[in-house]
> 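Sharing a structure with you now.
No hydrogens, no waters, no symmetry mates; every other heavy atom, side chains included, goes into these values. We're numbering straight along the sequence, starting at 1.
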Amino acid sequence: MAGAFTAREGLAPRSRPRLWHKSYERGARQAVPAKRESWSLREGDFLKVRKRPERKPLSIERAQGSEFLFGIAPCSLALSQSRRNLFRLFLKQSNNSQRLVMSEFVLQATSRGVPVHHVKRRELDALCRGQVHQGVCLEATPLHFKSLEEAEKPDLGDGESTNRQLIWLVLEQIQDPMNLGALLRSAYFLGVDRVVTSQRNSCPLTPTVSKASSGAMEVFDVYSTDDLRSFLKAKTAEGWEVVGTVSKPEDVENVPVISCLEFQWTKPVIIVIGSEGDGLSLETQLLCHRMLAIPPGRALHPGIESLNVSVATGKRASEHRGITVQISVFKNQTNTLAHRRSFF
């Protein structure tokens, strides 16, 4: 018995793990299918949740020949004018802070018979290609330059009289839409009568220009010519004075250069502004009666020797309209230096 007991006792440690192992395997075989089925359901639910944010923006088909204006001022002014054909107004689904503005847009669009669509911000971002749209986008036909023949027609309104001296702004090869928009905004605000641009190497009237002009492009006609030099010669023959602009007076030959603060305006005048990089071409300079320069307020470092073209234009136009501001630059507590500067 003892030997048998010893045998069984010796076998017991080997047999028990096998029985336990088989039981474990049996239980595992029963449990694994349930676990796999349960995991499969959870995994499917997880994938569904992950796919929802990846929904593509709504596809909006553009009307033939249309473009998308963006921004509150351009869209509002375009709706209030009759210069464009209007197709659809897109508004961002608004919160309480924008509800009043959006309701005004709805009223404007309804009065013009323009359909209104309320969309999510990402749809507006796609329509405006990432530009700052302020929650408003308007599909409309583009604006184009007018011909010089139309510019010659008298269009005196808003209390204007034929005795008032005229001032026209001529732009030679302005290529940056942000600069062109800023130029139009300054010209409109300061009372410039006409803006004429050269056709060659010049920026067209795009939605970006309208946004940069804060909507001035929607109410202000812009003219264009394919022969800028012939146009300047013709205006000179009619008694106009052609005034060019320059940032470095030493670069000008055979044309007198004066400070814009010294310029006396006695006849209809054309101010000619050159391109952002090269300024006025030599051929155009030679057609000018005088050249205007803006004196700096300090010694300038190389590379920062001129104003932005739109800022410089605003200064020159404001000088001719007689808009000046007296400012004082305090040297110390006892001495002051008064310096005349004009700003727009």
> Would you please say whether a donor-acceptor pair under 3.5 Å links the side chains of Ser275 and Glu172?
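Checked: Ser275/Glu172 side chains show no N/O donor-acceptor pair below 3.5 Å.
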> Please check this pair: side chain of Thr141 against backbone of Asn85, looking for a donor-acceptor N/O pair closer than 3.5 Å.
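The answer is yes, because a donor-acceptor pair under 3.5 Å joins these two groups.
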> So does Arg88 have more than 12 non-hydrogen atoms from other groups sitting under 6.0 Å from CZ?
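Yes - once you tally the heavy atoms of other residues, nucleotides and ligands closer than 6.0 Å, there are more than 12.
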> Is the side chain of Thr245 donor-acceptor paired with the backbone N or O of Val272 at a distance under 3.5 Å, no angle test?
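Judged by distance alone, yes, a pair lies under 3.5 Å.
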> Is Leu171 close to Leu183 at the side-chain level, that is, under 4.5 Å between some pair of heavy atoms?
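Yes; the side chains approach each other to less than 4.5 Å.
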> Among Val195, Thr206, Leu184, find the residue that satisfies the side chain to side chain contact (heavy atoms under 4.5 Å, CB included) test when tested with Met217.
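In the set Val195, Thr206, Leu184, the residue that makes a side chain to side chain contact (heavy atoms under 4.5 Å, CB included) with Met217 is Leu184.
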> When rounded to the nearest 0.5 angstrom, what distance separates OH in Tyr223 from CH2 in Trp168?
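Between Tyr223 OH and Trp168 CH2, I get 8.0 Å after rounding to 0.5 Å.
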> Return the SG to CZ distance between Cys75 and Phe68, rounded to the nearest 0.5 Å.
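So the SG of Cys75 and the CZ of Phe68 are separated by 11.0 Å.
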> Is any side-chain heavy atom of Cys203 closer than 4.5 Å to a side-chain heavy atom of Val209?
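They are in contact (side-chain heavy atoms under 4.5 Å apart), so the answer is yes.
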> Any side-chain to backbone donor/acceptor pair from Arg194 onto Leu148? Under 3.5 Å, distance only.
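Not at all, since once roles are kept as given, no pair shorter than 3.5 Å links the two residues.
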> Got a salt bridge between Lys235 and Glu238, using NZ or NE/NH1/NH2 to carboxylate O under 4.0 Å?
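Result for this pair is yes, salt bridge flagged.
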> Would you say Leu286 and Ile271 are hydrophobically clustered, going by side-chain heavy atoms of ILVMFWY under 4.5 Å?
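Leu286 and Ile271: separate clusters.
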> Does the side chain of Thr225 reach to within under 4.5 Å of the side chain of Gln199, using non-hydrogen atoms?
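Contact flag for Thr225/Gln199 side chains = no.
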> Between Glu218 and Gly215, is there a donor-acceptor pair closer than 3.5 Å when you use the side chain of the first and the backbone of the second?
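Not confirmed, Glu218 side chain does not pair with Gly215 backbone.
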> Side chains of Leu138 and Leu79: closer than 4.5 Å at any heavy-atom pair?
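Sidechains of Leu79 and Leu138: in contact.
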> Is a side-chain N or O of Gln165 found less than 3.5 angstrom from the main chain of Thr266, in a donor-acceptor match?
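At least one qualifying donor-acceptor pair exists.
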> So, Ser80 side chain and Leu77 main chain: donor-acceptor pair closer than 3.5 Å or not?
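Yes; judged by distance alone, with no hydrogens or angles, the pair exists.
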> Using a 3.5 Å distance criterion without hydrogens, assess whether the side chain of Ser76 forms a donor-acceptor pair with backbone atoms of Ala73.
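Here the side-chain-to-backbone pair does not exist.
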> Which heavy atom of Cys137 sits nearest a heavy atom of Cys128, and at what distance?
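That would be SG-SG, 3.6 Å.
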> Test side chain to side chain contact (heavy atoms under 4.5 Å, CB included) on Arg290 and Val257 and set out the steps.
CA-CA 6 Å; Arg290 286 183 280 183; Val257 180; over 6 Å; no
> Check the surroundings of atom CG in Asn201: do more than 12 heavy atoms from other residues, nucleotides or ligands lie under 6.0 Å from it?
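For Asn201, atom CG is crowded (more than 12 foreign heavy atoms under 6.0 Å).
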> Scan for side-chain hydrogen bond (donor to acceptor under 3.5 Å, both in side chains) pairs involving residues 127-137, sequence neighbours excluded, and state none if there are none.
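Listed once each, the pairs are Asp125-His133.
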> To the nearest 0.5 Å, how far apart are CD in Glu123 and NE2 in His118?
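With rounding to 0.5 Å, CD (Glu123) is 13.5 Å from NE2 (His118).
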> State, without any angle test, whether Ser281 and Thr284 hold a side-chain donor-acceptor pair at a distance under 3.5 Å.
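A pair is found: one side chain offers a donor N or O, the other an acceptor, under 3.5 Å apart.
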> Phe90, Leu107: one ILVMFWY side-chain cluster at the under-4.5 Å cut-off?
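Looking at the clustering, Leu107 is in a separate group from Phe90.
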> Are the charged groups of Asp221 and Arg83 less than 4.0 angstrom apart, N to O?
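Yes, this pair counts.
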> Would you say the side chain of Val136 lies within less than 4.5 Å of the side chain of Leu89, judging by non-hydrogen atoms?
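The answer is yes; the side chains approach within 4.5 Å.
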> Run the side chain to side chain contact (heavy atoms under 4.5 Å, CB included) test on Val119 and Leu124 for me, step by step, so that the C-alpha distance in whole Å, both residues' side-chain angles and the decisive distance to 0.1 Å come before the verdict.
CA-CA 7 Å; Val119 298; Leu124 284 176; 3.8 Å; yes
> Using a cut-off of 6.0 Å, state whether more than 12 heavy atoms not belonging to Tyr188 lie near its atom OH.
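Incorrect, the count does not exceed 12.
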> For the pair Thr208 and Met178, evaluate side chain to side chain contact (heavy atoms under 4.5 Å, CB included) and give the outcome as yes or no after the intermediate values.
CA-CA 7 Å; Thr208 301; Met178 300 297 291; 3.8 Å; yes
> Which heavy atom of Leu69 sits nearest a heavy atom of Pro74, and at what distance?
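Residues Leu69 and Pro74, closest heavy atoms: CD1-O, 4.3 Å.
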> Can you measure from CZ (Phe231) to OG (Ser224) and round to the nearest 0.5 angstrom?
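Phe231 CZ to Ser224 OG: 10.5 Å, rounded to 0.5 Å.
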> Specify the closest pair of heavy atoms between Trp240 and Ile270, including all atoms of both residues, with the distance to one decimal.
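Residues Trp240 and Ile270, closest heavy atoms: CE3-CG1, 3.5 Å.
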> List the atom of Glu139, the atom of Ser66, and the distance in Å for their closest heavy-atom pair.
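That would be OE2-OG, 2.8 Å.
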> Quick one: do Phe105 and Val116 end up in the same hydrophobic cluster if we chain Ile, Leu, Val, Met, Phe, Trp and Tyr together by side-chain heavy atoms under 4.5 Å apart?
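Yes, same cluster.
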> What is the distance from atom CG of Asp193 to atom CG of Leu169, rounded to the nearest 0.5 Å?
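Asp193 CG to Leu169 CG: 11.0 Å, rounded to 0.5 Å.
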> If hydrophobic clusters are built from ILVMFWY residues whose side chains come within less than 4.5 Å, do Val219 and Phe145 share one?
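Linked within one cluster.
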> Contact between Leu280 and Val246 at the side-chain level, heavy atoms closer than 4.5 Å - yes or no?
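A side-chain contact is absent here, since even the closest heavy-atom pair is not under 4.5 Å.
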> Please confirm whether the backbone N or O of Leu100 pairs with a side-chain atom of Ser103, one donor and one acceptor, at under 3.5 Å?
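Pair found, side chain donor or acceptor close to backbone of Leu100.
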> Could you check whether Arg229 pairs with Glu283 (Lys NZ or Arg NE/NH1/NH2 to Asp/Glu carboxylate O, under 4.0 Å)?
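Looking at Arg229 and Glu283, the cut-off is met.
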> Do Gln173 and Ser202 pair up side chain to side chain, a donor and an acceptor below 3.5 Å, judged on atom types alone?
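No.
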> Work out which heavy atom in Pro207 is nearest to a heavy atom in Phe70; give both atom names and the distance.
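For Pro207 versus Phe70, the nearest heavy atoms are CB-CE2, 3.8 Å.
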> Listed by chain and number, what are the side chain to side chain contact (heavy atoms under 4.5 Å, CB included) partners of His289, not counting sequence neighbours?
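If we apply the side chain to side chain contact (heavy atoms under 4.5 Å, CB included) test to His289, skipping adjacent residues, the hits are Thr236, Glu241, Val242.
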> Carefully, step by step, assess Lys120 and Lys92 under the rule side chain to side chain contact (heavy atoms under 4.5 Å, CB included).
CA-CA 6 Å; Lys120 295 183 178 180; Lys92 188 184 74 159; over 6 Å; no
> Do Leu232 and Val255 share a hydrophobic cluster, counting only Ile, Leu, Val, Met, Phe, Trp and Tyr and linking them when any side-chain heavy atoms are less than 4.5 Å apart?
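They do share one cluster, since a chain of ILVMFWY contacts under 4.5 Å joins Leu232 to Val255.
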> Identify the two heavy atoms, one from Ile174 and one from Gly274, that lie closest to each other, and give their separation to 0.1 Å.
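The answer is CD1-O, 3.2 Å.
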> What's the separation between atom CG in Leu287 and atom CG in Leu282, rounded to the nearest 0.5 Å?
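So the gap between those two atoms works out to 10.0 Å.
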> Taking side chain as C-beta onward, heavy atoms only, is Asp226 less than 4.5 Å from Arg200?
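Not touching, per the 4.5 Å side-chain cut-off.
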> Compare all side-chain heavy atoms of Pro115 with those of His117 and state whether any distance is below 4.5 angstrom.
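Pro115 reaches His117 side chain to side chain.
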